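Here the structure is laid out as structure tokens; the discussion comes afterwards.
In listed order, ligands and their atoms are each counted from 1. What you see is a predicted model; the values in this text were computed from it and never measured. What's counted below: heavy atoms across the whole structure, side chains too, no hydrogens, waters or symmetry copies.
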Amino acid sequence: MPDTPANTSEPTSDHPPADRSESDETFVVTPYAVSGEVDYGRLLERFGADPLTDAQVARFPDHPLVRRRTFYAGRDVDRYLEAAESGEPHAIVTGRGPSGPMHLGHVPPLYLAKRFQEATGATVYLPLSDDEKFLAKDQSFASIGEHTRENLRDILAVGFDPEKTRIVIDTADADVVYPIAVRLANHLTPATVEAVYGETDTVGLQFYPAVQATHLLLPQLVDGRQPTLVPIAVDQDPHVRVCRDVASKEALPVAKPGALLGRFLPGLEGPGKMSTSGDTPSIELTDGPETVAETIRRHAYTGGQATLEEHREKGGDPTVDVPFQYLRYFFEPDDDRLAELAADYRSGTVLSGELKALAIDRITDFLTDHQRRRDALGELASELEPYRLTAGERRRALEAAGVPARVE
Ligand code: TRP
């Protein structure tokens, strides 16, 4: 069902109550800050997104990340599913903020997008927000540029179909991104930005939501109105919300993008978000087998007991055990095997060290494949070329957005 281009009245929940008092917030989730213990259910109420229904889960191309509800909520999921099922055009946008090396926590949306592309032919857009990370992370442009190039290799290694995939880099594709962002920024007030993101340090970051809104509309501006889904960790939902809001205020030929929202992969130190900023190391996509083994053995939080005897007697808790959680999120595809492991861990038959060993095995297998594809890449610019927007696509996007063409 198409959106009307302008002033669609929004029946669902894009506008959650704004008057919730600060004092009852025990956790914070914005694109720029995640802290406290995240209550994923409460968060949906706060953001105004919907939990996935069993029927929706069953309709997605089968993948452990959806089946096990790591991706657990969304917006406008049905429209996307209808298009995917009926073979009509449909798109996915998921991106990367190139502020450092990519680690395991960055993998789920990318590999999920790849799976959806293979299963139903989704067009996939992958924006890299080097502008955002320059503004947010206190790094030089040179340093962000270096991370951008390294991250691009990881993204290319996923193996997206170049015919159906576009990679966009904000500062390198500014000819397209900037004019559209300006048009959208016309509806972005400082009050909205502050309500959605909290206080920002600079006016640059105040403008950035217009850039990410542009990313989310690009597939439709290039190829025409179509259901678009944004699979991403839940901290990025505010960007989707803002995009839906500003898009409906301009007569653009686009439907509001939907979202597929994921929980955070826990950090090695235990429940929470895997991050590069804390003290505990994370597992980077370029780590070799020994580093992976060493990092997990030394740093992974376990749900086991202090001594072997106690463990045999009382058993462990897989729900907080990080190696088990990694297996559950992504790395053990077999549901029966996983259930068996959980039961045996609870009963004390399986030890923490055994779960660690299995996680090390699976993660190493995954990374070995990823790194084989990464290492096989040639020079970056030529590898990237087939994924860049063509001249025609750039023109189409600018025309569809009604922004003045460049002087040529
Ligand atoms: N802002 C995202 C981050 O910090 C990266 C990103 C840019 C993105 N554009 C996007 C994510 C579009 C999803 C969709 O990680």
Check your understanding: Stepwise, does the ring-ring contact (aromatic ring centres under 6.0 Å, His included) test hold for Tyr387 with Phe160?
Key -> CA-CA 9 Å; Tyr387 293 94; Phe160 291 99; 7.6 Å; no
For residues 192-200, run the donor-acceptor check on the side chains, cut-off 3.5 Å, and write out each pair with its distance to 0.1 Å, sequence neighbours left out.
{"residue": "Thr192", "atom": "OG1", "partner": "Thr189", "partner atom": "OG1", "Å": "2.8"}
{"residue": "Tyr197", "atom": "OH", "partner": "His239", "partner atom": "ND1", "Å": "3.1"}
{"residue": "Thr200", "atom": "OG1", "partner": "Thr202", "partner atom": "O", "Å": "3.3"}

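The salt bridge (Lys or Arg N to Asp or Glu O under 4.0 Å) test applied to Asp201 returns no partner, not counting sequence neighbours. With sequence neighbours excluded, the residues that form a ring-ring contact (aromatic ring centres under 6.0 Å, His included) with Phe60 are Phe116.
Taking the centre and axis of the six-membered ring of Tyr326, the NZ or CZ atom of Arg362 falls outside the cone set by 45° and 6.0 Å.
Of the residues listed (Asp76, Val240, Ile92, Asp237), the one engaging Val230 in a side-chain contact (heavy atoms from CB on, under 4.5 Å) is Val240, and it is the only one.
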Could you go through ligand 1 and list every pair where one of its N or O atoms sits under 3.5 Å from a protein N or O, giving the atom names and the distance to one decimal?
{"residue": "ligand 1", "atom": "1 (N)", "partner": "Glu132", "partner atom": "OE1", "Å": "2.9"}
{"residue": "ligand 1", "atom": "1 (N)", "partner": "Glu132", "partner atom": "OE2", "Å": "3.4"}
{"residue": "ligand 1", "atom": "1 (N)", "partner": "Gln212", "partner atom": "OE1", "Å": "2.8"}
{"residue": "ligand 1", "atom": "1 (N)", "partner": "Gln236", "partner atom": "OE1", "Å": "3.0"}
{"residue": "ligand 1", "atom": "4 (O)", "partner": "Lys133", "partner atom": "NZ", "Å": "2.9"}
{"residue": "ligand 1", "atom": "9 (N)", "partner": "His215", "partner atom": "ND1", "Å": "2.8"}

